[in-house]
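What follows is one structure encoded as structure tokens, with my remarks underneath.
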Amino acid sequence: MAGKSKVTLSVIKADVGGFVGHTSIHPEILDTAKERLHNAKEKGAVLDYHVLRCGDDLELIITHDRGCDNPDIHGLAWNVFTVCTEVAKELKLYGAGQDLLKDAFSGNVKGMGPGVAEMEFTERKSEPILIFMADKTSSGAWNLPLYKVFADPFNTAGLVIDPKMMAGFSFRVEDVKGGGEITLKCPFETHQLLALIGTTSRYMVSTVCRNSDNEIAAAVSTQKLSLIAGRYVGKDDPVMIVRCQSGLPAVGEVLEAFTFPHLVSGWMRGSHTGPLMPVSFYEANPTRFDGPPRVIAAGFQVADGKLLGPHDMFDDPAFDSARRLAGRVSDYMRGHGPFEPHRLPEDEMEYTTMPEVLKLLEGRFKKA
Ligand code: 13P
Ligand code: 13P
Ligand code: MG
Ligand code: MG
């Protein structure tokens, strides 16, 4: 019955090559991806799709009825990225195939380089969804806005006004360095949650569910490229899906969390701290010191698996002040040049070439 079927929303992304440098994506890459997904839709392999980009990251937004971690859907995305990489190589785009870290596809793109945020749900009477896509940062960037949206009544009025939200939300948190995951229930375990997710380089919120009925509300890509590759290959440039309204935070409550351009790690060479600037689609071209980090938000109404949209959610002068503040914070942070805390601490740069630089100086340290 229409409106009762389960639908899966998969957002799968990769940097397959930048234009120019790490700024944006060449139109031929976008056309290639669209053509491949169009063919998949014609064959009935997917219900609907959209291709977007944030900075140099290619974002595949796909609806289907096969559930999360489906090998056919992941295989389709992997093929799109592989074909696009071929185009990127022909055009000698920058870092062609940057995020494809393995050669042979083995059923799931997780652990192979691309980032994935997925959720399966039963469509409600109306299903407004926001998809956030960031460039020049990592998955921990979503921790602060997710906390605000789902646990902070100063951000989300619905937590105190809407009886359906009163019981709060549960956050699943992954320890991307130590392994393992934990679920913490807010508001009861707010302090425990913050004790973890304030460490954005290690603990990442992966999903959020409503306590009253365990309904899925948000899903995030938590893949850390450097941990897969064992070296610096680029930032994770994560994606996030958030369902809105009718007992979940309103669209405007979710977007409100981005009026504060909080500091995230990424920016130049993935080794700096800078503000996350909310921008409209056409402004997602990080050129100042390869940044500052950007986030775009694509709004969709999902109707029987169809993706109505995208609506460019940050294309609103109400976000100008956040952008201005992000610009001022950029000036201030850049003033530090190569010094911390603008430059990330050494242990967060362990997969960069910094150890090689230090090695060159090794023999020159004399006992004082
Ligand atoms: P719902 O409770 O229907 O989501 O309405 C809330 C709202 O739209 C406030 O902006
Ligand atoms: P991306 O992770 O977006 O490719 O950026 C890499 C980089 O080094 C930017 O300076
Ligand atoms: Mg790149
Ligand atoms: Mg990128």
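Atoms within each ligand, like the ligands themselves, are counted from 1 in listed order.
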Can you find a side-chain donor-acceptor pair between [X] and [Y] that sits under 3.5 Å?
X	Y	answer
Asp48	Thr63	no
Arg334	His342	yes
Ser265	His272	no

Could you give all pairs that pass the side-chain hydrogen bond (donor to acceptor under 3.5 Å, both in side chains) test and reach residues 180-192, with sequence neighbours left out?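 Those involving residues 180-192 do not exist here.
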
Under the side-chain hydrogen bond (donor to acceptor under 3.5 Å, both in side chains) definition, can you give me all pairs with a residue in residues 274-291, not counting sequence neighbours?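 Pairs touching residues 274-291 that pass the test: Arg53-Asn285, Ser280-Glu283, Arg288-Asp331.
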
According to salt bridge (Lys or Arg N to Asp or Glu O under 4.0 Å), who are the partners of Glu256, at least two apart in sequence or on a separate chain?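 Here no residue qualifies.
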
Which N, O or S atom name in Asp15 marks its closest approach to the Mg ion (ligand 3)?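 The atom in question is OD2.
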
So which N/O/S atom does His22 have closest to the Mg ion (ligand 3)?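 Of all N, O or S atoms in His22, the Mg ion (ligand 3) lies closest to ND1.
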
May I ask you to list the atoms of ligand 2 that are less than 4.0 angstrom from any heavy atom of [X]?
X	value
Gln98	1 (P), 2 (O), 4 (O)
Asp56	1 (P), 3 (O), 4 (O)
Asp15	4 (O)
Met268	10 (O)

Taking both backbone and side chain into account, is any N, O or S atom of Asp56 nearer than 2.8 Å to the Mg ion (ligand 3)?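 Looking at Asp56, which is the residue asked about, there is an N, O or S atom under 2.8 Å from the Mg ion (ligand 3).
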
Before you tell me yes or no, could you show the steps for Phe300 and His50 under ring-ring contact (aromatic ring centres under 6.0 Å, His included), namely the whole-Å CA-CA distance, both residues' side-chain angles and the distance that decides it to 0.1 Å? CA-CA 10 Å; Phe300 291 95; His50 269 280; 5.4 Å; yes

Check each protein residue for a heavy atom under 4.0 Å from ligand 1 and list those that pass, ordered by chain and number.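 Residues near ligand 1: Gln245, Ser246, Ala250.
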
